[in-house]
Amino acid sequence: MTLDLFDGEGVEPRRETIAEGAVVLRGFAGKAGPGLLAAIDLVASQSPFRHMQTPGGHTMSAAMTCCGELGWVTDRRGYRYEPRDPVTGQAWPRMPELFLKLASEAAAEAGFENFVPDACLINRYQPGAKMGLHQDRDEQDFSQPIVSVSLGLPIVFQFGGPRRSDRPVRVPLGHGDVVVWGGLARRHYHGVLTLKAGDHPLTGACRYNLTFRKAG
DNA sequence: AAGTAACT
DNA sequence: TGCG
(Lines give C-alpha, C1' and ligand atoms only; values in the text may rest on other atoms or scores of the structure.)
Protein backbone atom coordinates (compact mmCIF):
# COMPACT_ATOMS: atom_id res chain seq x y z
CA MET A 1 0.00 0.00 0.00
CA THR A 2 1.43 3.35 -1.03
CA LEU A 3 1.59 5.74 1.86
CA ASP A 4 2.57 9.00 0.24
CA LEU A 5 0.30 9.39 -2.78
CA PHE A 6 -1.37 12.37 -1.28
CA ASP A 7 -0.07 15.26 0.74
CA GLY A 8 -1.22 14.94 4.31
CA GLU A 9 -0.92 11.17 4.53
CA GLY A 10 1.06 10.41 7.66
CA VAL A 11 1.39 14.09 8.48
CA GLU A 12 -0.94 16.92 9.34
CA PRO A 13 -2.32 18.43 6.11
CA ARG A 14 -2.72 22.16 5.75
CA ARG A 15 -6.38 22.48 6.59
CA GLU A 16 -8.47 25.62 6.35
CA THR A 17 -12.06 25.92 7.52
CA ILE A 18 -13.97 28.14 5.10
CA ALA A 19 -17.42 27.69 6.66
CA GLU A 20 -19.03 25.44 9.25
CA GLY A 21 -18.81 21.99 7.66
CA ALA A 22 -16.50 23.04 4.80
CA VAL A 23 -12.72 22.66 4.71
CA VAL A 24 -9.91 23.10 2.21
CA LEU A 25 -7.04 20.58 2.27
CA ARG A 26 -4.27 22.63 0.70
CA GLY A 27 -2.26 20.75 -1.90
CA PHE A 28 -3.65 17.38 -0.82
CA ALA A 29 -3.85 16.04 -4.39
CA GLY A 30 -0.79 17.83 -5.77
CA LYS A 31 1.59 14.87 -5.72
CA ALA A 32 -0.96 12.72 -7.54
CA GLY A 33 -1.45 15.41 -10.22
CA PRO A 34 0.23 13.58 -13.13
CA GLY A 35 -1.62 10.35 -12.37
CA LEU A 36 -4.93 12.14 -11.98
CA LEU A 37 -4.44 13.94 -15.30
CA ALA A 38 -3.59 10.68 -17.06
CA ALA A 39 -6.78 9.19 -15.62
CA ILE A 40 -8.78 12.19 -16.86
CA ASP A 41 -7.36 11.64 -20.36
CA LEU A 42 -8.37 7.97 -20.23
CA VAL A 43 -11.92 8.82 -19.15
CA ALA A 44 -12.19 11.53 -21.82
CA SER A 45 -11.01 9.10 -24.52
CA GLN A 46 -14.11 7.01 -23.74
CA SER A 47 -16.61 9.75 -22.86
CA PRO A 48 -15.48 13.02 -24.45
CA PHE A 49 -15.77 16.44 -22.86
CA ARG A 50 -18.89 18.25 -24.02
CA HIS A 51 -20.68 21.53 -23.32
CA MET A 52 -24.10 20.68 -21.90
CA GLN A 53 -27.25 22.78 -22.06
CA THR A 54 -29.15 24.09 -19.06
CA PRO A 55 -32.92 23.61 -18.92
CA GLY A 56 -33.20 27.27 -19.86
CA GLY A 57 -31.35 26.56 -23.10
CA HIS A 58 -28.01 28.16 -22.20
CA THR A 59 -24.71 26.45 -22.96
CA MET A 60 -22.51 25.84 -19.95
CA SER A 61 -19.07 27.42 -20.25
CA ALA A 62 -17.28 24.53 -18.54
CA ALA A 63 -16.88 21.35 -20.62
CA MET A 64 -17.86 18.21 -18.74
CA THR A 65 -17.56 14.47 -18.70
CA CYS A 66 -18.18 11.85 -16.02
CA CYS A 67 -17.03 8.52 -14.69
CA GLY A 68 -18.43 6.05 -12.20
CA GLU A 69 -21.77 4.28 -11.98
CA LEU A 70 -23.70 7.51 -12.46
CA GLY A 71 -22.97 10.70 -14.40
CA TRP A 72 -24.51 14.12 -13.90
CA VAL A 73 -26.16 15.47 -17.04
CA THR A 74 -28.20 18.52 -17.93
CA ASP A 75 -30.25 19.30 -21.02
CA ARG A 76 -33.53 21.09 -21.73
CA ARG A 77 -35.32 18.35 -19.76
CA GLY A 78 -33.49 19.13 -16.55
CA TYR A 79 -30.67 18.05 -14.25
CA ARG A 80 -30.28 14.40 -13.34
CA TYR A 81 -27.93 11.46 -12.95
CA GLU A 82 -27.78 8.88 -15.72
CA PRO A 83 -26.08 5.45 -15.81
CA ARG A 84 -25.19 5.98 -19.48
CA ASP A 85 -23.45 8.74 -21.38
CA PRO A 86 -26.06 10.30 -23.70
CA VAL A 87 -23.31 11.14 -26.22
CA THR A 88 -21.94 7.60 -26.62
CA GLY A 89 -24.95 5.58 -25.50
CA GLN A 90 -22.55 3.52 -23.39
CA ALA A 91 -22.05 3.25 -19.64
CA TRP A 92 -19.82 5.99 -18.23
CA PRO A 93 -16.15 4.98 -17.93
CA ARG A 94 -15.40 3.20 -14.68
CA MET A 95 -14.10 5.29 -11.81
CA PRO A 96 -10.28 5.07 -11.71
CA GLU A 97 -8.98 3.50 -8.48
CA LEU A 98 -6.83 6.58 -7.92
CA PHE A 99 -9.97 8.73 -7.93
CA LEU A 100 -11.71 6.50 -5.38
CA LYS A 101 -8.67 6.51 -3.13
CA LEU A 102 -8.26 10.29 -3.35
CA ALA A 103 -11.93 10.97 -2.64
CA SER A 104 -12.08 8.56 0.26
CA GLU A 105 -8.88 9.79 1.90
CA ALA A 106 -9.73 13.45 1.47
CA ALA A 107 -13.19 12.90 2.95
CA ALA A 108 -11.64 11.04 5.89
CA GLU A 109 -9.19 13.90 6.49
CA ALA A 110 -12.20 16.17 6.69
CA GLY A 111 -14.00 13.91 9.17
CA PHE A 112 -16.19 11.86 6.80
CA GLU A 113 -15.15 8.22 7.09
CA ASN A 114 -16.09 5.52 4.57
CA PHE A 115 -16.99 7.87 1.72
CA VAL A 116 -17.56 5.74 -1.39
CA PRO A 117 -18.58 7.96 -4.31
CA ASP A 118 -20.51 6.46 -7.21
CA ALA A 119 -20.27 9.57 -9.39
CA CYS A 120 -17.40 11.78 -10.50
CA LEU A 121 -18.14 14.86 -12.59
CA ILE A 122 -15.06 16.18 -14.41
CA ASN A 123 -15.22 19.86 -15.33
CA ARG A 124 -12.73 21.47 -17.70
CA TYR A 125 -12.45 25.26 -17.48
CA GLN A 126 -10.74 27.28 -20.17
CA PRO A 127 -10.21 31.04 -19.87
CA GLY A 128 -13.59 32.77 -19.58
CA ALA A 129 -15.36 29.69 -18.19
CA LYS A 130 -17.16 29.95 -14.84
CA MET A 131 -19.79 28.26 -12.71
CA GLY A 132 -22.57 30.32 -11.23
CA LEU A 133 -23.77 29.84 -7.67
CA HIS A 134 -25.79 26.66 -7.35
CA GLN A 135 -26.71 23.87 -4.95
CA ASP A 136 -25.87 20.19 -5.46
CA ARG A 137 -29.31 18.73 -4.91
CA ASP A 138 -29.75 16.01 -7.51
CA GLU A 139 -28.35 13.28 -5.26
CA GLN A 140 -30.29 10.70 -3.21
CA ASP A 141 -28.16 10.85 -0.09
CA PHE A 142 -27.39 14.23 1.45
CA SER A 143 -25.66 12.62 4.44
CA GLN A 144 -22.61 12.04 2.23
CA PRO A 145 -20.19 14.91 1.60
CA ILE A 146 -19.00 16.54 -1.59
CA VAL A 147 -15.30 16.25 -2.45
CA SER A 148 -14.01 18.76 -5.01
CA VAL A 149 -10.46 18.55 -6.41
CA SER A 150 -8.73 21.41 -8.26
CA LEU A 151 -6.05 20.69 -10.86
CA GLY A 152 -4.11 23.13 -13.00
CA LEU A 153 -4.76 26.85 -13.17
CA PRO A 154 -5.96 28.68 -10.04
CA ILE A 155 -9.48 30.01 -9.68
CA VAL A 156 -11.61 31.76 -7.06
CA PHE A 157 -14.16 29.45 -5.40
CA GLN A 158 -17.28 30.92 -3.82
CA PHE A 159 -18.94 29.20 -0.88
CA GLY A 160 -22.23 30.63 0.36
CA GLY A 161 -25.09 29.57 2.55
CA PRO A 162 -28.40 27.73 2.20
CA ARG A 163 -29.98 30.61 0.27
CA ARG A 164 -28.72 32.07 -2.97
CA SER A 165 -28.94 35.50 -1.38
CA ASP A 166 -26.40 34.54 1.31
CA ARG A 167 -23.18 36.32 0.50
CA PRO A 168 -20.48 33.77 -0.35
CA VAL A 169 -16.93 33.78 0.94
CA ARG A 170 -14.29 33.82 -1.78
CA VAL A 171 -11.51 31.25 -1.55
CA PRO A 172 -8.61 31.15 -4.00
CA LEU A 173 -7.91 27.54 -5.02
CA GLY A 174 -4.76 26.20 -6.64
CA HIS A 175 -3.44 22.97 -8.08
CA GLY A 176 -4.00 20.04 -5.73
CA ASP A 177 -6.34 21.82 -3.35
CA VAL A 178 -9.29 19.72 -2.21
CA VAL A 179 -12.51 21.17 -0.79
CA VAL A 180 -14.76 18.92 1.27
CA TRP A 181 -18.18 19.94 2.53
CA GLY A 182 -20.97 18.04 4.24
CA GLY A 183 -23.41 18.04 7.10
CA LEU A 184 -25.12 21.40 7.41
CA ALA A 185 -23.00 22.77 4.56
CA ARG A 186 -23.94 19.97 2.14
CA ARG A 187 -26.69 22.00 0.47
CA HIS A 188 -24.93 25.34 0.51
CA TYR A 189 -24.59 27.41 -2.63
CA HIS A 190 -21.20 27.41 -4.31
CA GLY A 191 -19.55 28.20 -7.63
CA VAL A 192 -16.41 29.61 -9.21
CA LEU A 193 -15.55 32.97 -10.74
CA THR A 194 -14.35 33.31 -14.32
CA LEU A 195 -11.09 31.50 -15.05
CA LYS A 196 -8.31 33.88 -16.00
CA ALA A 197 -5.78 33.05 -18.71
CA GLY A 198 -2.59 31.40 -17.56
CA ASP A 199 -0.19 28.56 -18.20
CA HIS A 200 0.24 25.61 -15.85
CA PRO A 201 3.10 23.11 -16.23
CA LEU A 202 0.74 20.11 -16.06
CA THR A 203 -2.48 21.35 -17.65
CA GLY A 204 -1.43 24.25 -19.88
CA ALA A 205 -4.19 26.81 -20.34
CA CYS A 206 -6.89 25.05 -18.34
CA ARG A 207 -8.20 24.00 -14.98
CA TYR A 208 -9.85 20.67 -14.20
CA ASN A 209 -12.19 20.02 -11.34
CA LEU A 210 -13.17 16.58 -10.08
CA THR A 211 -16.39 16.53 -8.06
CA PHE A 212 -17.10 13.31 -6.18
CA ARG A 213 -20.58 12.49 -4.93
CA LYS A 214 -22.70 9.65 -3.65
CA ALA A 215 -25.54 10.18 -6.08
CA GLY A 216 -27.53 6.98 -5.96
C1' DA B 1 -31.85 24.39 -12.64
C1' DA B 2 -25.09 25.00 -12.73
C1' DG B 3 -27.82 30.79 -17.28
C1' DT B 4 -27.45 36.07 -18.61
C1' DA B 5 -28.58 40.88 -18.18
C1' DA B 6 -29.46 45.02 -15.98
C1' DC B 7 -29.17 47.60 -12.80
C1' DT B 8 -27.01 50.12 -8.11
C1' DT C 1 -30.00 42.17 -6.06
C1' DG C 2 -33.89 40.39 -8.44
C1' DC C 3 -35.24 37.75 -12.00
C1' DG C 4 -39.17 33.55 -13.12
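Quick note on labels: first sequence line is chain A, next is B, and so on, each numbered from 1. Reckoned from all heavy atoms, side chains included, excluding hydrogens, waters and symmetry mates.
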Trainee: Without placing hydrogens or testing angles, list every side-chain donor-acceptor pair under 3.5 Å for residues 153-161 of chain A, not counting sequence neighbours.
Mentor:
none

Trainee: Please check if Leu5(A) and Val178(A) belong to a single hydrophobic cluster, counting links between Ile, Leu, Val, Met, Phe, Trp and Tyr side chain heavy atoms closer than 4.5 Å.
Mentor: yes
Trainee: Sequence neighbours left out, what passes side-chain contact (heavy atoms from CB on, under 4.5 Å) with Leu202(A)? Give chain and number order.
Mentor: Pro34(A), Leu37(A), His175(A), His200(A)
Trainee: Under a 4.5 Å side-chain heavy-atom rule over Ile, Leu, Val, Met, Phe, Trp and Tyr, are Phe115(A) and Leu25(A) clustered together?
Mentor: yes
Trainee: Determine, for Asp177(A) against Arg14(A), whether the closest basic-nitrogen to carboxylate-oxygen distance falls under 4.0 angstrom.
Mentor: no
Trainee: Scan for salt bridge (charged side-chain N to carboxylate O under 4.0 Å, His left out) pairs involving residues 155-164 of chain A, sequence neighbours excluded, and state none if there are none.
Mentor: Arg163(A)-Asp166(A)
Trainee: Whole-Å distance between dG2(C) C1' and Arg167(A) CZ?
Mentor: 17 Å
Trainee: Expressed in angstrom and rounded to an integer, what is the separation of Arg164(A) atom CZ from dG4(C) atom P?
Mentor: 14 Å
Trainee: With sequence neighbours left out, write down each residue that passes ring pair (Phe, Tyr, Trp, His ring centres under 6.0 Å) with Tyr79(A), or none if nothing qualifies.
Mentor: Trp72(A)
Trainee: Could you tell me which residues satisfy side-chain contact (heavy atoms from CB on, under 4.5 Å) with Arg167(A), sequence neighbours excluded, listed by chain and number?
Mentor: none
Trainee: Identify, with sequence neighbours excluded, every residue that meets side-chain contact (heavy atoms from CB on, under 4.5 Å) alongside Ala215(A).
Mentor: Leu70(A), Tyr81(A), Asp118(A), Ala119(A), Glu139(A)
Trainee: Who are the side chain to side chain donor-acceptor pair (under 3.5 Å) partners of Ser150(A), not counting sequence neighbours?
Mentor: Arg207(A)
Trainee: Short of 4.0 Å, heavy atom to strand atom, which residues of residues 172-189 of chain A count as contacting DNA chain B?
Mentor: none
Trainee: If the plane angle is over 60° it's perpendicular, under 30° parallel, otherwise tilted; pick one for Phe99(A) and Phe212(A).
Mentor: perpendicular
Trainee: Shoot me the first and last contacting nucleotide of DNA chain B against chain A, ordered 5' to 3', at under 4.0 angstrom to non-hydrogen atoms.
Mentor: dA1(B) to dT4(B)
Trainee: Counting only heavy atoms and a strict 4.0 angstrom limit, can you tell me which residues of residues 136-158 of chain A come near DNA chain B?
Mentor: Asp138(A)
Trainee: How long is the span from the CG atom in Leu102(A) to the CG atom in Leu210(A), to the nearest 0.5 Å?
Mentor: 7.0 Å
Trainee: In whole Å, I'd like the distance from the CG atom of Leu133(A) to the C1' atom of dC3(C).
Mentor: 15 Å
Trainee: Just checking Gly56(A): base, sugar-phosphate only, or nothing, at a heavy-atom cut-off of under 4.0 Å?
Mentor: nothing
Trainee: Does anything in residues 59-77 of chain A come within less than 4.0 Å of DNA chain B? Heavy atoms only, and list the residues if so.
Mentor: Met60(A), Trp72(A)
Trainee: May I ask you to list the residues sharing a hydrophobic cluster with Tyr189(A), side-chain cutoff 4.5 Å, ordered by chain and number?
Mentor: Leu133(A)
